[in-house]
Visitor: 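The structure under discussion is supplied below as structure tokens; questions concerning it will follow.
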Amino acid sequence: MSVSPRLRAVSDLHISYADNRAFVQELHPDHPGDWLLVAGDVAEKFADIEWALTLLSSRFATVVWAPGNHELWTPPGEPEHLRGETRYRELVAMCRRLGVVTPEDPYPVWDGEGGPATIAPLFVLYDYTFRVPQARTKEESLALAHAAGVVCTDEALLHPHPYPSREAWCAARVTETERRLTERDPDLPTVLVNHYPLVREPTDILWFPEFAQWCGTVRTRDWHLRFGASTMVYGHLHIPRTTFYDGVRFEEVSLGYPREWRRRGPVPNPVRTINPADDVRRRESVTG
């Protein structure tokens with residue numbers, strides 16, 4: 001048991017896998033005041049997402065959720081009307097019933113270890129601007145992905161309705177999120193929580209570079225600087241690691257699929273502790 005409440009973070013729980021569901025069943029705070037940041041991809045089916053967030057919100061003092069692409073899918077067996085924006089709003093309504101903080105809620109302030117800091121869950125999607133380097137357009141980039149056999153399932157299951165395209169939905173989300181972040185308390189550092197990395201560099205180590213186009217947007221490239229981030233928490237890549245961009249800590253916190261986390265050992269341990277004050281001090285010492 002830790003002596004003081006801590007800010008914890010995880011993503012890509014993918015509980016449709018039995019071993020991952022078992023991991024979530026055993027996930028407990030180290031202190032009754034711990035918060036848990038969940039950076040998307042809890043599951044694909046609405047009932048599974050609700051099960052996991054219900055369990056976690058009953059254990060952690062506060063759960064903060066940002067949606068991943070898998071939550072936004074409309075897979076076979078799910079109500080067909082729950083597509084695109086409608087599905088997202090239903091997920092937000094479910095979270096609010098559980099007391100889980102979403103990108104549509106006022107940003108809470110973390111006052112535990114390393115605080116105070118504004119916790120900002122984000123939902124900004126992607127717009128194919130992380131395209132294959134030799135491609136000049138989205139169409140060329142997608143063609144190269146299809147030729148390589150690397151095509152995200154989003155193309156079949158993530159519907160942008162009522163927007164004409166995923167990039168149009170992304171543009172609307174970027175505009176709204178910028179407005180929200182601009183209105184935050186500028187005197188507090190932020191912890192930005194998004195399913196996708198806000199910069200392209202984390203995708204440079206992907207085994208299949210064609211996949212990067214489903215991993216974010218160039219429109220968020222400077223958000224960690226513009227909006228006072230001490231730390232940026234993300235998932236999606238299933239490559240848990242710590243990197244730094246412009247002196248800001250970027251923390252990839254994916255559990256990932258069982259075949260992936262087993263390469264790192266028999267017991268998964270993706271949950272990371274986020275300490276905004278430590279990250280601010282480290283950044284200031286580096287940038288001078």
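Any value given below was found using the heavy atoms of this structure, including those in side chains, with hydrogens, waters and symmetry copies removed.
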Visitor: Could you note down all residue pairs passing salt bridge (Lys or Arg N to Asp or Glu O under 4.0 Å) where residues 130-152 supplies at least one of them, sequence neighbours left out?
Guide: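 Listed once each, the pairs are Arg136-Glu140, Lys138-Glu167.
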
Visitor: Quick one: does NZ or CZ of Arg166 land under 6.0 Å from the six-membered ring centre of Tyr128, within 45 degrees of the ring axis?
Guide: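 Verdict for Tyr128: no cation-pi partner in Arg166.
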
Visitor: Looking only at atom types and distance, does a side-chain atom of Arg184 sit under 3.5 Å from a main-chain N or O of Leu181, one as donor and one as acceptor?
Guide: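 Yes.
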
Visitor: Taking 4.0 angstrom as the limit, do Glu178 and Arg226 come out as a salt bridge?
Guide: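 Answer for the salt bridge query: yes.
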
Visitor: When you look at Glu104 and Arg96, which way does the salt bridge (charged side-chain N to carboxylate O under 4.0 Å, His left out) test go after all the steps?
Guide: CA-CA 10 Å; Glu104 305 309 307; Arg96 286 174 168 169; 5.8 Å; no

Visitor: Is the backbone N or O of Ala39 less than 3.5 Å from a side-chain atom of His195, with the two atoms forming a donor-acceptor pair by type?
Guide: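 Yes; at least one donor-acceptor contact below 3.5 Å.
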
Visitor: For the atom pair CZ (Phe130) and CD (Gln213), what is the distance rounded to the nearest 0.5 Å?
Guide: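 It is 11.5 Å, given to the nearest 0.5 Å.
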
Visitor: Can you tell me if Tyr126 and Asn69 form a side-chain donor-acceptor pair at under 3.5 Å?
Guide: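 Tyr126 vs Asn69: no donor-acceptor pair found between side chains.
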
Visitor: Should side-chain heavy atoms under 4.5 Å link Ile, Leu, Val, Met, Phe, Trp and Tyr, which residues sit in the same cluster as Val191?
Guide: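 So far as hydrophobic clustering goes, Val191 is joined with Leu7, Trp35, Leu37, Val64, Val101, Trp110, Ile119, Val193, Val233, Val253, Ile274.
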
Visitor: What residues, two or more places apart in sequence or in another chain, satisfy side chain to side chain contact (heavy atoms under 4.5 Å, CB included) together with Thr153?
Guide: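 So Thr153 forms a side chain to side chain contact (heavy atoms under 4.5 Å, CB included) with Trp73, Leu157.
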
Visitor: For Glu44, enumerate each residue passing the salt bridge (charged side-chain N to carboxylate O under 4.0 Å, His left out) test, keeping only those at least two apart in sequence or located in another chain.
Guide: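 For Glu44 there are no salt bridge (charged side-chain N to carboxylate O under 4.0 Å, His left out) partners, ignoring immediate neighbours.
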
Visitor: Answer yes or no: is there a side-chain heavy-atom contact under 4.5 Å between Pro29 and Pro5?
Guide: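 The answer is no, as the side chains (C-beta and beyond) never meet within the 4.5 Å cut-off.
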
Visitor: Could you work out, with ring pair (Phe, Tyr, Trp, His ring centres under 6.0 Å) as the rule, every residue matching Tyr17, not counting sequence neighbours?
Guide: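 Ring pair (Phe, Tyr, Trp, His ring centres under 6.0 Å) list for Tyr17, sorted by chain: Tyr257.
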
Visitor: Heavy atoms, side chains only, cut-off 4.5 Å: are Leu13 and Asn20 in contact?
Guide: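 Side-chain contact under 4.5 Å: no.
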
Visitor: Who passes ring pair (Phe, Tyr, Trp, His ring centres under 6.0 Å) against Phe211, sequence neighbours left out?
Guide: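 Applying ring pair (Phe, Tyr, Trp, His ring centres under 6.0 Å) to Phe211 gives Trp214, His236.
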
Visitor: Got a sec, which residues hit side chain to side chain contact (heavy atoms under 4.5 Å, CB included) with Arg221, two or more places apart in sequence or on another chain?
Guide: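 Applying side chain to side chain contact (heavy atoms under 4.5 Å, CB included) to Arg221 gives Val199, Glu201, His224, Asp246.
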
Visitor: Holding to side chain to side chain contact (heavy atoms under 4.5 Å, CB included), I want the full list of residues that pass it with Ala171, two or more places apart in sequence or in another chain.
Guide: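 Applying side chain to side chain contact (heavy atoms under 4.5 Å, CB included) to Ala171 gives Arg219.
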
Visitor: When Leu192 is tested against each of Thr220, Leu198, Thr118 for side-chain contact (heavy atoms from CB on, under 4.5 Å), which residue passes?
Guide: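 The option that passes is Leu198.
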
Visitor: Sequence neighbours left out, what pairs pass salt bridge (Lys or Arg N to Asp or Glu O under 4.0 Å) with at least one residue falling in residues 113-123?
Guide: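 Qualifying pairs: none.
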
Visitor: Is any side-chain heavy atom of Phe227 closer than 4.5 Å to one of Thr182?
Guide: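 In short, these two side chains touch, coming nearer than 4.5 Å.
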
Visitor: Among residues at least two apart in sequence or on other chains, which ones pass side-chain hydrogen bond (donor to acceptor under 3.5 Å, both in side chains) with Thr231?
Guide: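 side-chain hydrogen bond (donor to acceptor under 3.5 Å, both in side chains) check on Thr231 returns Asp279.
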
Visitor: When you check the gap from the basic side-chain N to the acidic O, do Glu176 and Arg173 get nearer than 4.0 Å?
Guide: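 No, no charged N to carboxylate O under 4.0 Å.
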
Visitor: Can you check whether Pro202 reaches Leu237 side chain to side chain, under 4.5 Å on heavy atoms?
Guide: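 Heavy-atom side-chain distance check passes, below 4.5 Å.
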
Visitor: Is there a donor-acceptor pair under 3.5 Å between the side chain of Ser57 and the backbone N or O of Thr54?
Guide: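 Yes, the answer is positive, given that a donor and an acceptor are paired below the 3.5 Å cut-off.
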
Visitor: In terms of ring plane angle, is the pair Tyr88 and Phe123 parallel, tilted or perpendicular, where the classes change at 30° and 60°?
Guide: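 Correct class here is tilted.
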
Visitor: Identify, with sequence neighbours excluded, every residue that meets side chain to side chain contact (heavy atoms under 4.5 Å, CB included) alongside Asp278.
Guide: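 Side chain to side chain contact (heavy atoms under 4.5 Å, CB included) check on Asp278 returns Asn275, Arg281.
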
Visitor: Just jot down the salt bridge (charged side-chain N to carboxylate O under 4.0 Å, His left out) partners of Arg264, sequence neighbours excluded, or say none.
Guide: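 Salt bridge (charged side-chain N to carboxylate O under 4.0 Å, His left out) check on Arg264 returns nothing, list empty.
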
Visitor: Within the structure provided, determine whether Asp48 and Val42 are in side-chain contact (heavy-atom separation under 4.5 Å).
Guide: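 No, their side chains stay 4.5 Å or more apart.
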
Visitor: Where the side chain of Asp41 meets the backbone of His14, is there a donor-acceptor pair that is under 3.5 Å apart?
Guide: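 Not at all, since once roles are kept as given, no pair shorter than 3.5 Å links the two residues.
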
